[in-house]
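Below is one structure; the comments refer to it alone.
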Amino acid sequence: MTAEDAKSFFSRELLLWYRASKRDLPWRRSRDPYRIWVSEVMLQQTRVETVIPYYERFMERFPTAVALAEAPEEEVLKLWEGLGYYSRARNLQAGAREVAELYGGAVPDDKEAVARLKGVGPYTAGAIMSIAFNRPEPAVDGNVMRVLSRYFCLEDDIAKPSTRKKIERLAVSLIPEGAASDFNQGLMELGALVCTPKSPGCLTCPVMAQCAGRLAGKERELPVKTKAKPPRPELRLAALIVGTGPRAGQVLVRRRPDRGLLARMWELPHIELAKGSSETALFGGNDDAVHRQLARRLAAELMRETGLPVRPLGWREDAEHVFSHIHWHMRVYTAELDSSGAFRFEGDDRTWIAAEAAGVYDAGFFCEDEQAAPLLAAAAGDLPPGYRWIGPEDMGELAFPNLFLRILNAYWQQEGNADAMDDEMTNGGMIG
DNA sequence: AAATCGGGGAT
DNA sequence: ATCCCAGATTT
């Protein structure tokens with residue numbers, strides 16, 4: 001049995017297996033390259049079962065590249081809410097705009113042109129070209145690296161970029177004549193359903209007979225992969241600032257910056273507790289003294305940043321949120337805005353901003369008069385740039401990361417219940 | 001080459 | 001708890 005025999009065996013058997021047992025997935029019911037493109041971007045680092053409902057909603061709303069190109073960005077982000085890696089959504093729309101303007105709305109049957117689209121890297125370009133156009137291009141993802149590492153017993157570290165390129169060269173050489181679409185999908189399907197990371201189902205594998213990794217008894221050791229560093233911890237304090245008077249039932253939120261983590265998503269105002277600051281020592285505590293001090297720090301820092309006269313009311317909940325590289329330990333405090341006598345002024349060219357009447361006795365600081373202007377405006381009721389009041393009816397338009405989505409939805413639900421109970425008691429009391 | 005960028009399901 | 005998922009982009 002030569003190496004060439006092992007390769008042609010693999011290609012032949014895998015193709016037969018895929019055609020006999022492929023799953024019925026939404027993006028497999030069409031060869032529209034736009035649909036393939038959307039599915040592949042959603043599937044980046046994301047499981048099939050997670051993607052399906054997002055894909056269905058997205059395609060219903062944006063059935064063509066032109067429809068996506070013409071949509072408001074916020075609507076695209078909202079449909080991506082909860083899926084993660086939000087730059088994918090913005091890059092996809094940027095790519096759709098390229099397709100609309102440069103190619104009349106049709107994804108071109110051109111490898112270089114597709115590879116130049118925003119958010120389309122080596123894998124996605126290969127996937128679009130092979131799946132939609134049946135071009136013999138490699139589409140090497142984590143599944144493919146695992147399957148081929150095992151079948152050919154390759155000990156290269158798949159975390160290294162050079163290994164992906166090596167496996168791409170191997171993958172191209174395996175594509176059967178005229179069957180790139182089914183073969184590439186079969187490779188990934190095998191990795192997803194049979195050649196799984198932990199306990200591979202070798203006994204049902206169509207290519208087990210020639211799998212070098214299994215024949216060497218190494219199917220569980222492969223592929224070799226250096227493990228990722230654990231996410232670094234960050235201590236954060238968030239404010240659930242609830243409206244009063246005409247703002248009753250509303251909550252103050254803000255939009256994140258254009259770049260970086262959770263770019264352009266909405267969130268609750270919050271601060272990071274500086275590493276090594278005195279409050280970090282108290283972070284885990286749960287008694288009144290701890291909460292008073294943490295809430296005071298939160299109010300002072302937010303007031304320094306925004307000028308808003310934040311008055312903490314009490315601890316609400318703790319929330320954990322783990323990203324790939326950061327672990328947020330968040331404590332959430334309920335608060336109000338209260339500018340009654342919160343600001344006083346001294347000196348000729350410098351202003352003393354304080355919040356004594358708001359109960360934040362150590363929140364004062366000096367600043368230049370010009371810098372004081374926006375703070376005074378905030379005290380008067382203006383909001384800083386990017387901030388706005390919302391009610392539950394606004395949740396359908398604004399995209400929040402899951403962490404804040406959970407906190408807000410719990411609050412709206414609780415408010416709804418409280419209102420219902422008020423009505424009930426009012427009715428009972430008045431009528432009785 | 002290493003870091004950044006979400007979130008969840010499986011084990 | 002740990003891994004990793006139909007990865008791309010920036011540093």
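Any value given below was found using the heavy atoms of this structure, including those in side chains, with hydrogens, waters and symmetry copies removed. Below, chain A is the first sequence line, B the second, and so on; all start at residue 1.
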Sidechain N-carboxylate O distance under 4.0 Å for A:E75, A:R61: yes
SB check A:E234 A:R236 (cutoff 4.0 Å): yes
Just to confirm, is there a sub-4.0 Å distance from OP1 or OP2 of [N] to any side-chain nitrogen or oxygen of [X]?
X	N	result
A:H325	B:dT4	no
A:N184	C:dA6	no
A:T196	B:dA10	no
A:H321	B:dG7	yes

A:E60, CD atom: more than 12 neighbouring heavy atoms under 6.0 Å: no
A:D288 atom CG: more than 12 heavy-atom contacts under 6.0 Å: no
I'd like a list of close polar pairs between nucleotides 2-5 of chain C and the protein, N/O only, cut-off under 3.5 Å.
from, atom 1, to, atom 2, distance (Å)
C:dC4, O2, A:R47, NH2, 3.3
C:dC5, OP1, A:R146, NH1, 2.6

Residue whose closest nucleotide on DNA chain B lies nearer the 5' end, A:S162 versus A:R259: A:S162
Looking only at atom [atom1], what distance separates [N] and [M], rounded to whole Å?
N	M	atom1	answer
C:dC4	B:dC5	P	22 Å
B:dT11	C:dA6	P	13 Å
B:dG9	C:dA8	P	23 Å

Axial cation check for A:Y86 ring with A:R264, 6.0 Å and 45° limits: no
Pairwise side-chain contact, A:Y34 with A:V99, heavy-atom cut-off 4.5 Å (strictly under): no
